[in-house]
Structures are given as structure tokens and as C-alpha cells.
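Keep in mind it's a predicted model, so treat the numbers as computed, not measured. Only heavy atoms go into these numbers, but all of them, side chains included; no hydrogens, no water, no symmetry mates. In what follows, chains carry the letters A, B, and so on, assigned in the order in which the sequence lines appear, proteins first and then strands, with residues in each chain numbered from 1.
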There are 2 protein chains.
Amino acid sequence: MSAITNRRERERAQRHQLIITAARELAEAEGWEAVTTRRLAERVEYSQPVLYSHFDGKDAILRAVAIEGFGELAVRLRDARPATPEPPQALHAVCRAYLEFAAEHPALYQAMFVLPTDVKFAHAETPPPLRAGFDEFVNCFRPDNPRRELFAEVTWSALHGMAALSAGGRIRPDGQTERLDLLVTQIAGSR
Amino acid sequence: MSAITNRRERERAQRHQLIITAARELAEAEGWEAVTTRRLAERVEYSQPVLYSHFDGKDAILRAVAIEGFGELAVRLRDARPATPEPPQALHAVCRAYLEFAAEHPALYQAMFVLPTDVKFAHAETPPPLRAGFDEFVNCFRPDNPRRELFAEVTWSALHGMAALSAGGRIRPDGQTERLDLLVTQIAGSR
DNA sequence: CTATCACTTCTAGCGCCGCTAGATTTTGAG
DNA sequence: CTCAAAATCTAGCGGCGCTAGAAGTGATAG
């Protein structure tokens, strides 16, 4: 492989990332309904068909943004979980980090967990960062708890509900902290 | 007001409902992305502009479907809650009814709680049936519990999370019952 | 140095979308 | 039967996702 081909591939990879970033920024700034192939092409300063040489279509761009988000969320949750796996505190920290992530990047969160997708969840083809993020919840429960996966599912569901209803203006946006505290108390606090 | 005008208004109201029903059926059959003004007009056997004499636009049709859903959900939850307000059982029954409703009418549920909307939640202009549905959750908790509204919010959020993640293929679709049982146990089961 | 050719990128356009202006048809009163 | 008003439709605008084929670009063989 020649040096020239090499440079080309590097530039191509850069442009690939540029498209993903542009889509994400445009979505955060104006919502996903404003992310059209025309506006995206204009933003990356190429014509529309160039997008299709990188992605199979608009859905694939959205999927790429979501996958980027899964990686960032996993890191965020990992950093939030303290070394000591003392259930209530660890769980509270990870849950708070999750809600903060959703609130800070509403459009990204929407691409990951709300918009239609064909990304496989809880499946062999699940992107590793997504599984890693889920495991952060699992690891908030004692290893001897045979139902820790189930606890993690319920916790994650509850957090998603709070994040989604809040982002959609369907629940008091303040009071998120109170809800978080109550959730953690109830999930971790008894049997 | 003449008898003729009267008849006209009756027919007009019928057509209004026909549009709502057609939109809902089409969405349940093929998803909301298949609900276009052209297909909807064809289905009700009128031209497109007729839709706009009944609704301000596609979003308003969607909103009308959602509001119809709020009424049906409130009835469903009310019928599910047993007269005896014994917390765990009543809560379990109402929660199960909620998840069943979401699973039976995925597109309707999506219109109500997932798709963008300007329906006001937790607000003075909230549609009464929506508030009534929420109150069914509140009433699952003891009246002397000063935080029963908060408990209801967390419960509802958790249920929405389960329903939405399940409908979006983002969580094991089986196991919904296990998750429900665990949720109710944790929310109602400890002090 | 130039001709070639593969590769990259763009222009232009298809069928569909939500929505609307203005023409046309239908209706019921006089 | 006439005719204005009301109801409804035809036709079209600008924008959407996507793509075929034209045009441009640059490395390489002669």
C-alpha cells in the first residue's frame, strides 16, 4: 500500500468523523429533525453524495452517532463508580452520572435510546461499549446477588424513564434529584 | 341553528373522528413513519386539504390521537386498581395494566409518551384524563405518605422506561414480568 | 512531458413529503 | 330555476432522502 493511498485513507477517515461530529452538533443545536442530508453536506462543505460514500444512508449516520455515545457513556459511568463497591453509594453515583449524561447531551441520548434503531441490544452483536455501560450498573450490586442483572435492568429502565420523560417535557424537570434519591433508596435500600 | 346545519356539524364531527381513527390504525399497522397526509387522505377517501380543515397540521392529528389514548389509559388504570387500596397489590395491578396497555398499542403509546409533542404535562393545561391516569398511581400509595406524588413519579418513570426500551428492542422483551415484580417489590416493599 | 485511466466529486433529477392557493363542484335559500 | 356560499378538489411549492451519470482530478505508463 503506497504512502499516497495511506494519506488518502487517513483523510477519508477524518472526513468520516467530521460527518459524525457535524451531525451530532447540528442535532444538539437544533434537534434531529433539523439534521437533513442537505444541511449536513453543507456543513461539512461537500456535496450530498459524499455522505453516501461513507454511510449507507441517513440512518447509518445516526447509528454512528449513537455508537459514539455508547462509548462516552460507558467511560462516564466507569469514572463515576467508586472503587468501593458499597451498593448504595456506588449505585447512586452511577445513576447520577447517567442522568447528567442524558441531560447534558439530549440529542445524543435521543439517538442512543429513543430514536428507532437497528443496533442490537442484549444480543451477541451488541456493541461492546454498550454492554460495558450496562455492566457498570450490574457491578453496583453485590456479586452474590443472583438477580443483579435483573436489578440492573430495572434500574436502567427507571433512569431511562426519568431521562426521557424529562427531556420530552413530560415530567417536572426539577425534582430529578429527588426522584433519583428515592429510586436509589428503594432499589438498594431493602432486601 | 337550522336542522341542516346541525346535520352538517354531526357529519363533520364524524369525519373528524374518522381521521383520528384512521391515523391511529395506520400507525399501529405500519408505524408512524408510514402516516403521511397523502396516505391518510386516501384512507379516509377525501383529498389532503380536508385534513387541514379539521386539524392545524399533521402534528395536531398526532396530538388528537395521543389525547384519545390518555383517556383510554386512564380508564384502563382505574379499572385495574382494586377498591382496597392495599399498597402492594393495588400498585402491582395498576403497573401491570400500564405495561399491558403499552404493549397492546405500541404506536398509540409512542404518540402519547415518546414522540415530540406540545401537550402540557404536570401543568395547568394538562388534559384531565392524563392527570387522572397519573392520580391512579398516586392513589396506590397511602394518603398519609407525604411523598406519594414523588413515589408515583418514580413508578411511572420506571414503567415508561420498561415500556419504551421494550418497544424499541433495547431490552429483553421477555422478562417484563420479572422486572415488574421486582419494581413493585422495591417501590412498595420497604420503608 | 503527455496521454491515459481510475478514482473522486459534483450536478441534476426522481419520487415522496407537509402544506396551501385558487379553481371547481355541490348545496340549499329565495 | 338562479345564484351566492360553502365544501371540496386539482395542482403546485419548496424541501426531503437518495442516486445516475457527468465532470474533474491526479498518479502512472510510454
- Message: Please check this pair: side chain of B:Arg170 against backbone of A:Met112, looking for a donor-acceptor N/O pair closer than 3.5 Å.
- Response: yes
- Query: Counting N and O atoms only, with roles assigned by atom type, does the side chain of B:Thr126 sit under 3.5 Å from a partner on the main chain of B:His123, one being a donor and the other an acceptor?
  - Reply: yes
Name every donor-acceptor pair, under 3.5 Å, that has one atom in a side chain of residues 94-105 of chain A and the other anywhere in the protein, sequence neighbours excluded.
unit_1: A:Arg96; atom_1: NH1; unit_2: A:His92; atom_2: ND1; d: 3.4
unit_1: A:Tyr98; atom_1: OH; unit_2: A:Tyr109; atom_2: OH; d: 2.7
unit_1: A:Tyr98; atom_1: OH; unit_2: A:Trp156; atom_2: NE1; d: 2.9
unit_1: A:Glu104; atom_1: OE1; unit_2: A:Arg76; atom_2: NH1; d: 3.3
unit_1: A:Glu104; atom_1: OE1; unit_2: A:Arg76; atom_2: NH2; d: 3.1
unit_1: A:Glu104; atom_1: OE2; unit_2: A:Arg76; atom_2: NH2; d: 2.9

Could you tell me the separation between the [atom1] atom of [X] and the [atom2] atom of [N], rounded to a whole number of Å?
X       : N      : atom1 : atom2 : answer
A:Phe55 : D:dC18 : CZ    : C1'   : 16 Å
A:Glu33 : D:dG15 : CD    : C1'   : 14 Å
A:Arg12 : D:dT25 : CZ    : C1'   : 16 Å
A:Glu42 : D:dG17 : CD    : P     : 13 Å
B:Leu51 : D:dA7  : CG    : P     : 16 Å
B:Tyr46 : C:dT26 : OH    : C1'   : 12 Å
B:His54 : D:dA7  : NE2   : C1'   : 10 Å

- Query: Under a single-linkage rule joining Ile, Leu, Val, Met, Phe, Trp and Tyr whose side-chain heavy atoms are separated by less than 4.5 Å, which residues share a cluster with A:Val114?
  - Reply: B:Val114
- Message: So for the helix from C:dC1-D:dG30 to C:dG30-D:dC1, with five pairs setting each end axis, what is the inter-axis angle to 10°?
- Response: 30°
Identify every side-chain donor-acceptor pair in residues 55-74 of chain A under 3.5 Å, counting partners at least two apart or on other chains, and give the distances.
unit_1: A:Lys58; atom_1: NZ; unit_2: A:Val35; atom_2: O; d: 2.8
unit_1: A:Arg63; atom_1: NH1; unit_2: A:Asp118; atom_2: OD1; d: 2.6
unit_1: A:Arg63; atom_1: NH1; unit_2: A:Asp118; atom_2: OD2; d: 3.2
unit_1: A:Glu68; atom_1: OE1; unit_2: A:Gln17; atom_2: NE2; d: 2.8
unit_1: A:Glu68; atom_1: OE2; unit_2: A:Arg24; atom_2: NH1; d: 2.8
unit_1: A:Glu72; atom_1: OE1; unit_2: A:Arg24; atom_2: NH2; d: 3.0
unit_1: A:Glu72; atom_1: OE2; unit_2: A:Arg24; atom_2: NH1; d: 2.7

Under the salt bridge (charged side-chain N to carboxylate O under 4.0 Å, His left out) test, residues paired with [X] that sit two or more places apart:
X        : result
B:Asp181 : none
B:Arg131 : B:Asp135, B:Glu149
B:Arg43  : B:Glu25

- Could you check which residues of residues 19-30 of chain B get a heavy atom under 4.0 Å from DNA chain D? Sort them by number, please. none
- Query: Is there a residue in residues 110-118 of chain B whose heavy atoms reach under 4.0 Å of DNA chain D, and which residues are they?
  - Reply: none
- Query: For A:Tyr46, which residues count as a side-chain contact (heavy atoms from CB on, under 4.5 Å) partner, sequence neighbours excluded?
  - Reply: A:Arg15, A:Val44, A:Val50
- Closer than 4.0 Å, any side-chain N/O of A:Arg15 to the OP1 or OP2 of C:dT9? yes
- With sequence neighbours excluded, residues passing side-chain hydrogen bond (donor to acceptor under 3.5 Å, both in side chains) with A:Glu28: none
- Query: Is the shortest distance from a Lys or Arg side-chain nitrogen in A:Arg147 or A:Glu153 to a carboxylate oxygen in the other one below 4.0 Å?
  - Reply: no
- Message: With a 4.0 Å cut-off on N to O distance, would you call B:Arg81 and B:Glu136 a salt bridge?
- Response: yes
- Item | Nucleotide-resolved protein contact map, nucleotides 17-24 of chain C, B/S/- at heavy-atom distance under 4.0 Å | BBBBB---
- Could you state the interatomic distance from CD (A:Glu11) to CG (A:Leu18), rounded to the nearest 0.5 Å? 12.5 Å
